[in-house]
Novice: 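Here's a structure for you.
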Protein chains: 2
Amino acid sequence: MNVSIKQLRAFLALAEYGSFAEASESLHLSQPALSAAIRNMEQAVGGKLFNRTTRHLALTPEGRQFLPVARQLQAEWDRAFDDLSRRFALLQGHLRLAAMPSFAINCLPPLLQRFRQQYPGINLVIDDIVMELVLDAVRDGRAELGVTFEPEQYDGLHFTPLFEDRFIAIVPAGSPLASCQRIHWQQLAEQPFITMNRGSWMRATTDRVMAALALHPASLAEASQLATIGRMVASGLGVSIAPALCQTSMQLQGVQCRPLEGPVIQRQVGVFTRKRHPLSGPAEALHQLLCRHYG
Amino acid sequence: MNVSIKQLRAFLALAEYGSFAEASESLHLSQPALSAAIRNMEQAVGGKLFNRTTRHLALTPEGRQFLPVARQLQAEWDRAFDDLSRRFALLQGHLRLAAMPSFAINCLPPLLQRFRQQYPGINLVIDDIVMELVLDAVRDGRAELGVTFEPEQYDGLHFTPLFEDRFIAIVPAGSPLASCQRIHWQQLAEQPFITMNRGSWMRATTDRVMAALALHPASLAEASQLATIGRMVASGLGVSIAPALCQTSMQLQGVQCRPLEGPVIQRQVGVFTRKRHPLSGPAEALHQLLCRHYG
DNA sequence: AAACATTCATAAATTTAAGCAATGAATAAA
DNA sequence: TTTATTCATTGCTTAAATTTATGAATGTTT
């Protein structure tokens, strides 16, 4: 018979503890099982490894000489399989990512495609929720990563900037503003305006800028999703603003996008992680993918 | 579950042959058994090692990366246990033997030659030291076996008698005693006498016998080695006594040996081993060789 | 010395797993 | 489509590992 890894571990435990009882306990084995393991191992190698009476237990000269070799074997064995398991752990598992819808819609798909290619076994869950909820989700550990605008404050979170986003103006194709290369806030305020619902950071920002410029746009409608606002603008109801990263999806909806100036409002978009909570393998991988893509 | 050495071998065979059928044959296993082994190993490490359809079999990237590691593990494993088995097979290893010089010179050479023939790989170390040191060496474990006279006491040691030795008289060729068939202590004491140095067991015994017979030999010289005494006697300086087992080497030195009587002093010569310390393989072998040779 | 306590070995029974033969499912080639 | 090949699955058998209970040996204590 051949020696097994179990028997090697049995040998090492027995050599370490110097007692069948203690060693077997450390191996989560009964004492007779350890007895048998050692007996079989000795038979396999063709000689005694321990001198044992009921009162004394000691390595034989051969056993003593083999001990460091056995230690080495076990260490290398464990090392090798730990590495292998770790590698696989990176390739599977699951990953929760929270992102603001605009990013989820406009930026995530191609990134996730690349991620999938690299790590096909990972079960990805995307929460596309508003900025405030993104931060909550990361803070509570419901999501390992969160992508959104950089807020005024984010206690307990770590922020890695990805790129700078700025507001753009979105107007219907037939609007008089559609002929402008660039649009100013003042011009926007003269048109029927469609805003985000109260409570959102975009709404707060819009209100603040308008107030600073002493503008009072005729608020025509409110919506909570940019896609809805996009549809409204496309159908000629009014004008609005959106993050630049929505440009592509807005244009697909048939909306005209123009740079928005006077003032230019810009904001960092980045990844949030929880402080003092190291990322899982997959999360680490996606985090790196994000940073490299925009870095 | 943990990965076993069998599974590692299965992995290696499958990677080498690229076919379950061939690999399983090389492992003396049925194809389903190999299938199960690989399946279980993959489950244990947490991911696929082979991509397999019924038509194609190939290592996954992880499997490919693990392959050299696995080879290394197997090689070291086999190497370690081959070494251990070889040692037990008495093909290698080492053995320390302590013996009193008279025995080492006169009896050991032919025995060791036979031992060498049987176990050519064993590294033999012979300590030829005086009786007291022989016992110490065995007691301390510096030598596994010790051959010497049986002393009055030997705590902690086990004694196996080999043969009975007796003192003989050694006289120069030109001595008047050389014509005697047998020599008595009284006759010896009338000649210039060469003794062992004080502190040795032989000197103590000589003194004791002489005193008991009320003899007072003219002590001409002392020496600590029998070979030296032999040379002195051979050159005609005086007479002395020696253990019978030195007869051959004494005669080679040109000394006349005669039985020594009145009284005959005899003593067991035997092998000492440490109590409660079973012998290593080689030591056991030599011990048996000694017992059989003289038994 | 005798009784005791401790520790390893052994025995019998049980649970676990390893293994095989037969069969099924998938796929490239004819 | 058919066929041949190859790996996976199933059901069953056998071997191995493990456990509980018990026995034997040997220092220690009284």
Side-chain angles (χ1 to χ4, degrees), chain A residues 1-45 47-60 62-64 74 81, chain B residues 1-60 62-64 81 139 155-158 273-279:
Chain A
M1 196 188 67
N2 230 322
V3 178
S4 71
I5 185 75
K6 275 188 188 177
Q7 289 168 338
L8 188 80
R9 291 193 204 283
F11 169 79
L12 284 168
L14 187 52
E16 182 183 351
Y17 288 98
S19 140
F20 275 73
E22 285 182 55
S24 63
E25 190 179 359
S26 86
L27 292 164
H28 307 291
L29 230 78
S30 70
Q31 174 261 312
L34 177 59
S35 227
I38 297 294
R39 175 163 21 90
N40 292 335
M41 180 171 173
E42 288 180 328
Q43 206 202 329
V45 300
K48 293 252 167 257
L49 293 165
F50 293 93
N51 288 320
R52 43 197 190 278
T53 69
T54 54
R55 307 307 294 175
H56 272 108
L57 178 67
L59 285 163
T60 59
E62 290 80 16
R64 198 171 323 116
Q74 189 204 28
F81 283 101
Chain B
M1 195 187 67
N2 231 323
V3 178
S4 70
I5 186 75
K6 275 188 188 176
Q7 289 169 337
L8 188 79
R9 291 193 204 284
F11 168 79
L12 285 168
L14 186 53
E16 182 182 352
Y17 288 98
S19 143
F20 275 73
E22 287 180 55
S24 62
E25 192 179 357
S26 86
L27 292 164
H28 308 291
L29 232 80
S30 71
Q31 174 261 313
L34 176 58
S35 226
I38 297 295
R39 174 163 22 89
N40 291 336
M41 180 172 172
E42 287 180 329
Q43 206 202 330
V45 299
K48 293 254 167 254
L49 293 165
F50 294 93
N51 286 319
R52 43 197 191 277
T53 69
T54 54
R55 307 307 293 174
H56 276 304
L57 178 67
L59 283 163
T60 59
E62 293 75 30
R64 199 172 321 117
F81 283 101
R139 240 189 297 264
D155 302 334
L157 297 178
H158 181 259
T273 58
R274 197 144 63 136
K275 271 185 184 164
R276 278 181 293 282
H277 283 265
L279 297 178

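Letters A, B, ... are given to chains in the order of the sequence lines, protein chains preceding strands, and every chain is numbered from 1.
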Novice: Using the side-chain hydrogen bond (donor to acceptor under 3.5 Å, both in side chains) rule, collect all pairs that involve residues 15-25 of chain B, keeping only residues at least two apart or in two chains.
Specialist: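 side-chain hydrogen bond (donor to acceptor under 3.5 Å, both in side chains) check on residues 15-25 of chain B returns no pairs.
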Novice: Rounded to whole angstrom units, what separation is found between the CG atom of B:N40 and the P atom of D:dT9?
Specialist: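 Computing the B:N40:CG to D:dT9:P distance gives 11 Å.
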Novice: Check whether B:R274 reaches the backbone of B:L157 with its side chain - one donor and one acceptor, N or O, closer than 3.5 Å.
Specialist: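 Between the backbone of B:L157 and the side chain of B:R274 there is no qualifying donor-acceptor contact (under 3.5 Å).
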Novice: To the nearest 0.5 angstrom, please state how far the CZ atom of B:F20 sits from the CG atom of B:L27.
Specialist: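 Between atom CZ of B:F20 and atom CG of B:L27 there are 11.0 Å.
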Novice: Strictly distance-based, threshold 3.5 Å: is any side-chain N or O of B:R139 a donor or acceptor partner for the main-chain N or O of B:D155?
Specialist: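 Checking the backbone N and O of B:D155 against the side chain of B:R139, a donor-acceptor pair under 3.5 Å is found.
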Novice: Expressed in angstrom and rounded to an integer, what is the separation of A:L27 atom CG from D:dT19 atom P?
Specialist: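 Those two atoms, CG and P, are 11 Å apart.
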Novice: Roughly, in whole Å, what's the span from CZ in B:R39 to P in D:dT6?
Specialist: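 Rounded to whole Å, this separation is 20 Å.
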Novice: What is the distance from CZ of B:R276 to C1' of D:dA25, rounded to the nearest Å?
Specialist: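 Distance, rounded to whole Å: 13 Å.
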Novice: Please identify the 5'-most and 3'-most nucleotides of DNA chain C with any atom under 4.0 angstrom from a heavy atom of chain B.
Specialist: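 Range of nucleotides touched by chain B: C:dG19 to C:dA28.
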Novice: For B:R9, which residues count as a salt bridge (charged side-chain N to carboxylate O under 4.0 Å, His left out) partner, sequence neighbours excluded?
Specialist: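 Result, salt bridge (charged side-chain N to carboxylate O under 4.0 Å, His left out) vs B:R9: B:D78.
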Novice: Where along residues 16-23 of chain B does a heavy atom come under 4.0 Å from DNA chain D, residue by residue in number order?
Specialist: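 Per residue number, the list reads B:S19, B:F20, B:A21.
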Novice: On DNA chain D, check which nucleotide each of A:H56 and A:S30 is closest to and give me the residue with the more 5' one.
Specialist: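 Between the two, 5'-proximity favours A:S30.
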Novice: Send over the distance from A:L57 CG to D:dG27 P, rounded to a whole Å.
Specialist: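 About 13 Å, once rounded to whole Å.
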Novice: Quick one: are A:L14 and A:L57 in side-chain contact, heavy atoms under 4.5 Å?
Specialist: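 A:L14 vs A:L57: side chains touch.
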Novice: How many Å lie between CG on B:N51 and P on D:dT6, as a whole number?
Specialist: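 That distance rounds to 19 Å.
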Novice: Let me spell it out: for each of A:K6 and A:Q31, pick the nucleotide of DNA chain D with the closest heavy atom. Which residue's pick is nearer the 5' end?
Specialist: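 Its nearest nucleotide lies further toward 5', so the answer is A:K6.
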Novice: Applying side-chain contact (heavy atoms from CB on, under 4.5 Å), can you list everything that pairs with A:H56, at least two apart in sequence or on another chain?
Specialist: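 Per chain and number, A:H56 pairs via side-chain contact (heavy atoms from CB on, under 4.5 Å) with A:T53.
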Novice: Ignoring hydrogens and geometry, is there a side-chain-to-backbone donor-acceptor pair from A:S35 to A:P32 under 3.5 Å?
Specialist: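 Judged by distance alone, no pair lies under 3.5 Å.
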Novice: Could you tell me which residues satisfy salt bridge (charged side-chain N to carboxylate O under 4.0 Å, His left out) with A:K48, sequence neighbours excluded, listed by chain and number?
Specialist: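 Residues passing salt bridge (charged side-chain N to carboxylate O under 4.0 Å, His left out) with A:K48: A:E42.
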Novice: Specify the separation, in whole Å, of atom CG of B:L14 and atom C1' of D:dA8.
Specialist: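 Result: 13 Å.
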